Amino acid sequence: MEIDPAASGAVLKRERVRDAILELIEVRRPGDAIPSERSLCARLGVSRPTLRAAVDELVVAGLLVREHGRGMFVAAEKITQELVPGRGSFAVPRAGGVWTSRVLELRTLPAGARVGRRLRLSPAARIRYVARLRLVDGSPMAIEYLHVPADLVPELTREELEQGDLYEHFRDRHGVRVGEAVQSIEPTVVTRAEADLLEVPELSPALLFERLTTDTGDRPVEYVHSLYRGDRYRIVSRLALAPRTVPAPPPGGHHPGIPPGDFPSGGPVALSTRGVVQNDR
């Protein structure tokens with residue numbers, strides 16, 4: 001599959017603008033105004049269409065509210081409901097298919113305030129930033145953005161990100177063994193640039209995954225957010241109404257939102273949302 005450089009560049013630029021606006025949202029309270037479009041364009045050095053695309057996504061995601069003639073405001077906080085009462089009450093089934101990756105961007109940069117808070121790092125601390133396209137059986141399925149402390153994986157290579165098992169590379173080549181992941185899943189739609197990469201129509205439904213992975217010593221080792229095609233997945237919630245024995249999942253496969261890899265105790269990571277994401281083919 002040939003990746004369109006213009007499409008990937010537009011996605012990466014929009015992602016940087018989105019991150020900058022999220023920084024503004026996180027230091028404000030619901031109802032607070034954020035700077036005007038004109039001010040943000042000048043501050044971020046981007047065009048009005050690029051800024052509006054990022055703002056539109058955050059409005060659709062319920063993080064910003066536009067008021068005609070007044071401006072943009074931080075939206076009210078979302079209501080969160082946990083579907084399974086017990087921690088680790090079941091394992092997430094794996095989705096089928098052969099999963100591969102294409103790296104769109106790999107660089108080292110400062111964590112910044114927002115990512116630093118999640119990884120428990122100083123904003124000036126260096127991280128390895130990765131944007132990659134995830135494919136199954138050769139078809140694009142997701143766009144994934146990874147943030148990993150640089151001192152944990154100083155020699156992380158493009159080959160590791162495109163070939164083999166990322167968590168196995170963490171363990172075998174970098175001495176990092178993952179222990180737990182907390183993941184949220186929200187509905188969203190894709191922008192034009194994202195649609196071009198995922199080969200779906202603009203504004204198609206998608207699933208937004210956000211995950212924080214810690215090692216066996218509870219040290220954050222990875223912050224990821226991913227955009228998965230909504231036309232190929234559905235979420236099935238399983239409620240634990242009584243204690244029961246859950247059989248171990250079959251070997252192999254891939255957890256949507258989570259790179260295939262080594263999980264402690266022979267099983268996959270339990271997700272905070274307890275949403276089961278399945279390949280719907």
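We're numbering straight along the sequence, starting at 1. In this text the structure is predicted, and so the values were computed from the model without any measurement.
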- Item | Set of residues satisfying ring-ring contact (aromatic ring centres under 6.0 Å, His included) with respect to Phe73, sequence neighbours excluded | none
- Note on the structure: Going by chain and number, the hydrophobic cluster around Val27 (ILVMFWY, side chain to side chain under 4.5 Å) further includes none
- In the hydrophobic clustering that connects Ile, Leu, Val, Met, Phe, Trp and Tyr at side-chain heavy-atom distances below 4.5 Å, which members other than Val59 occupy its cluster, ordered by chain and number? Val17, Ile21, Leu22, Leu24, Ile25, Ile34, Leu40, Leu44, Val46, Leu51, Val55, Leu58, Leu63, Leu64, Met72, Val74
- Smallest separation among heavy atoms of Arg48 and Cys41, with atom names: CA-SG, 3.7 Å
- Write down the atom of Pro220, the atom of Leu212, and the distance for their closest heavy-atom approach. CB-CD1, 4.2 Å
- Query: Would you call Glu57-Arg14 a salt bridge at under 4.0 Å N-O?
  - Reply: yes
- Message: Tell me the closest heavy-atom pair linking Arg120 and Thr214, and the distance in Å.
- Response: NH2-CG2, 4.5 Å
- Task: Would you check if Pro30 and Asp32 make a side-chain contact, meaning some heavy-atom pair closer than 4.5 Å?
- Result: no
- Message: What I want to check is whether the side chains of Thr213 and Tyr167 have a donor and an acceptor closer together than 3.5 Å.
- Response: yes
- For Arg118, the salt bridge (Lys or Arg N to Asp or Glu O under 4.0 Å) test, sequence neighbours excluded, returns Glu26, Glu210
- The reported gap from CD in Glu23 to CZ in Arg114 (rounded to nearest 0.5 angstrom) is 6.5 Å
- Message: Under a plain distance cut-off of 3.5 Å, with no hydrogens placed, do His169 and Gln163 share a side-chain donor-acceptor pair?
- Response: no
- Glu222: which of Leu146, Val178, Val130, Leu119 passes side chain to side chain contact (heavy atoms under 4.5 Å, CB included): Leu146
- Who are the salt bridge (Lys or Arg N to Asp or Glu O under 4.0 Å) partners of Arg28, not counting sequence neighbours? none
- Sequence neighbours excluded - salt bridge (charged side-chain N to carboxylate O under 4.0 Å, His left out) pairs with any residue from residues 99-113: Arg16-Glu105, Glu105-Arg107
- Message: Enumerate the side chain to side chain donor-acceptor pair (under 3.5 Å) contacts for residues 195-206, please, sequence neighbours excluded, ordered by first and then second residue.
- Response: Arg192-Glu202
- By salt bridge (Lys or Arg N to Asp or Glu O under 4.0 Å) - contacts of Asp56 (at least two apart): Arg66
- Using salt bridge (Lys or Arg N to Asp or Glu O under 4.0 Å) as the criterion, list what pairs up with Arg38, not counting sequence neighbours. none
- Query: Are the side chains of Phe170 and Glu160 in touch, meaning some heavy atoms are under 4.5 Å apart?
  - Reply: no
- Query: Residues in side chain to side chain donor-acceptor pair (under 3.5 Å) with Asp172, at least two apart?
  - Reply: none
- Who are the side-chain contact (heavy atoms from CB on, under 4.5 Å) partners of Asp151, not counting sequence neighbours? Pro149
- Message: For Glu155, I'd like to know if atom CD has over 12 heavy atoms of other residues, nucleotides or ligands within 6.0 Å.
- Response: no
- Qualifying residue for side chain to side chain contact (heavy atoms under 4.5 Å, CB included) with Leu197, from Thr191, Ile143, Val190: Ile143
- Note: Ala7 and Ala193 closest approach over all heavy atoms is O-CB, 4.0 Å
- Message: Is there a path of hydrophobic side-chain contacts, each under 4.5 Å between heavy atoms of I/L/V/M/F/W/Y residues, joining Val60 to Leu208?
- Response: no
- Message: Using side-chain heavy atoms (C-beta onward) and a distance below 4.5 Å, is Leu161 in contact with Leu166?
- Response: yes
- Over all heavy atoms of both residues, which pair between Ser122 and Ala111 is shortest? Give the atoms and the distance, please. O-CB, 3.9 Å
- Query: If you measure only the distance, is there a donor-acceptor pair under 3.5 Å linking the side chains of Arg128 and Thr108?
  - Reply: yes
- Is there side-chain contact between Tyr145 and Val11, with at least one heavy-atom pair below 4.5 Å? yes
- Task: Determine the sole option in Val148, Leu152, Leu109 for which the side chain to side chain contact (heavy atoms under 4.5 Å, CB included) test with Ile127 is passed.
- Result: Leu109
- Message: Could you work out, with side chain to side chain donor-acceptor pair (under 3.5 Å) as the rule, every residue matching Ser47, not counting sequence neighbours?
- Response: Thr50
- Note on the structure: Heavy-atom nearest pair, Ala75 first then Val65, reads CB-CG2, 3.7 Å
